[in-house]
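Below is one structure; the comments refer to it alone.
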Amino acid sequence: MAKITKKAAQERINSIRKDLEIHNHNYYVLNAPTISDFEYDMLMQELMGLENMFPEFKTSDSPSQKVGSDLETDSSSLEFVQINHKYPMLSLGNTYNKDELFDFNDRIAKSIQTPYTFSCELKFDGTAICLSYKNGELIRALTRGDGTKGDDVSRNVVNIKSIPQKLTGSGWPEEFEIRGEIFMPFEAFDRLNHEREENEETQFANPRNAASGSLKLQNPLEMRERGLDCVLYHFISDDNPFKTHIDAIEAAASWGLPTSTYSRKAYSIEDAIKYIEYWDEKRKTLPFATDGIVIKVNELDIQRQLGFTSKSPRWATAYKFKPEQACTPLLSIDYQVGRTGAVTPVANLEPVQLSGTVVKRASLHNKDQMDLLDIHIGDYVYVEKGGEIIPKITGIESSKRPLNARRPDFPMTCPDCGATLVRDEEQAKHYCPNIDFCPTQIKGRFVHFGSRKALDILLGDATVDALYQKGYIHTLDDLYNLTKEQLLTLDGWKDKSADNLLESLDKSKSVPFERVLFALGIRHIGETTAKMLATHFKSIDALADATRDDLLEIDEIGEIVADELISYFNDQRHKSIIEKLKSAGLKMAIDENESKKLSDKLQGLSIVISGVFSISREELKQIIESNGGKNVGSVSQKTSFIIAGDNPGPEKIKKAEKLGIKIISEDEFNKMLMQ
Ligand code: IVH
């Protein structure tokens, strides 16, 4: 690494840490990364390099020392109960460089005198899961969360076909955990994204995001349709009867648990590298995404001797594959106007195969990027899948430039309405300023307003187009003045379709404020920012009154977003639309009574808990309440049942028996919720 002053290093360290926190949130919580894994890993490597060079800046809360968290931090929107892991759930060290694998091996060889072998495995690109089995039955499934506590996704996991609720065969310890990855095969991923495209919903950037997004769906039935699969690769038990990792995984397979058939034993690091080289090429033919190879010391006693760092085991590491690239001719460039007026250049490419899918379009981001690449129509361009759904062009092959290649002209005017574009210097973006009359912007606003994550109104592209052509809609509030007579004038519309639209408009009046705020389509205000602003300000009036400083005081809000909000609410046109939407009955403030519920399975039941459980009583209480039940302190005629843990209070049990109230175990209770 080049020389760097202490001051510059500290600044760079702080800036990378801040960026990594944001990328962690995008990746683990929002399932919507904005950079590729490779770019992320490079930032992490730079940070670790600087921290090693300047150990005085090392801190225990640096992203280099922590496992990324998939937990939703905003407690107002907790959707799953969080439970402590029995054993921390760590991540793996990784490298893109084969030489570092020799270093990994040397470190082990130095501290261990006996011979050891490796288990070489595919690194499945999904989302980590921890399954707990007791007496051969699945009792709980937790996500990695922040490594210490995870989200309880048991009710969703039971909908993954390959995960057995009951084990077959014999020889399992009474209690054990087995960890692995939930992933979405390419076929299911393509099907899902195709459906989402048809329904005008945002598509998932990659199968990993699709898997973790699906695992956290609130509706287990919806999740069943998603075609998730699972592979388990790490067995843990206080009572571990196995000598090697491979023995444990083979036993798990004999109990009916899904394990990988691609793993191989290696007798040396050179052997392991051969495995890597084989799969670096062959992975392109696999029906699911892999982002590397995991190499683990196979002997469990040696694993124990090597132990862990704060973040990962010393007995395993991951070799990550470089992102796949394809090289293909650029046919033309479209300039797309979005609902906020931003004009984005999108390249049309000669179709080419890339990481399991055919790529026809790629983003060029903005004019600066086009200039930087010195891109010409006809050039052979390199495409990579980054964090976004649309792949991006990362370079051009200048040696292949055809003689007639020509430099594209970035338009001066809006391709839709003809208004002269303006350039936002700070963001290097061109915008169409004609927000009131540019048809693409107007229609885009309606489509966004009605989308599933916004107000969930039955409004597709075609309906919006028809309503706009007829002159029925121009500003968002016009939707709430639509009449059945008007709707019946649309081509092919009958009583039923008109009633359905009116009904969905009516229903949108009970959509919570955070989604209404998102639906307004304010530039840069996505779902999460809207949720955060709603929780912070509680009403649209308070948000509209906020000063730039008030906004900047919020951690997640930077200058661009603050300025955008100020200018949005200073605009009389927006104020008037908001007032009209408010009078139409949309929620413009948080409903304090609204509480997030997981299910109604315990609706109307009064439940007493007594004794010691595998989770804390507070966690158990939360599970009861989030499934609609009431946790009460003492046993009475009204008690529905008692959940008894170890050493339950004898008085409570006696009273329950006298009143004939059912006493169930923690396991029975868990099963009740999983059904
Ligand atoms: S072993 C103590 N084996 O990759 C850590 N992990 O980047 C044990 N992963 O956290 C993990 N395939 O979510 C292991 N064959 C495999 C894996 C694998 C995918 C994931 C896992 C891990 C992450 C690290």
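Atoms within a ligand are numbered from 1 in the order they appear, just like the ligands themselves.
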Point to revise | Protein contact of atom 12 (N) of ligand 1 - nearest heavy atom, named by residue and atom, plus distance | key: F124 N, 3.0 Å
Review point. Of the options E299, Q303, E121, which is the one that meets H245 in a side-chain hydrogen bond (donor to acceptor under 3.5 Å, both in side chains)?
Key: E121
Quick one: which of [options] has a heavy atom closest to [atom]?
atom: atom 9 (N) of ligand 1; options: Y233, F308, Y262; value: Y233
atom: atom 3 (N) of ligand 1; options: K296, H234, K123, Q303; value: K296
atom: atom 20 (C) of ligand 1; options: E121, M89, E181; value: E181

Is there a donor-acceptor pair closer than 3.5 Å between any side-chain N or O of [X] and the backbone N or O of [Y]?
X: K265; Y: T117; answer: no
X: H85; Y: T143; answer: yes
X: D99; Y: F102; answer: no
X: R144; Y: L90; answer: yes

Can you name the atoms of ligand 1, numbered from 1 with element, that are less than 4.0 Å from a heavy atom of [X]?
X: L122; answer: 12 (N), 15 (N), 16 (C)
X: L92; answer: 5 (C), 6 (N), 24 (C)
X: R144; answer: 10 (O)
X: A128; answer: 13 (O)
X: P313; answer: 2 (C)

**Study point:** Identified ring pair (Phe, Tyr, Trp, His ring centres under 6.0 Å) partner of W279 from the options F321, Y319, Y262
**Key:** Y262
**Study point:** side chain to side chain donor-acceptor pair (under 3.5 Å) between D301 and Y116, worked out
**Key:** CA-CA 10 Å; D301 54 343; Y116 51 90; over 6 Å; no
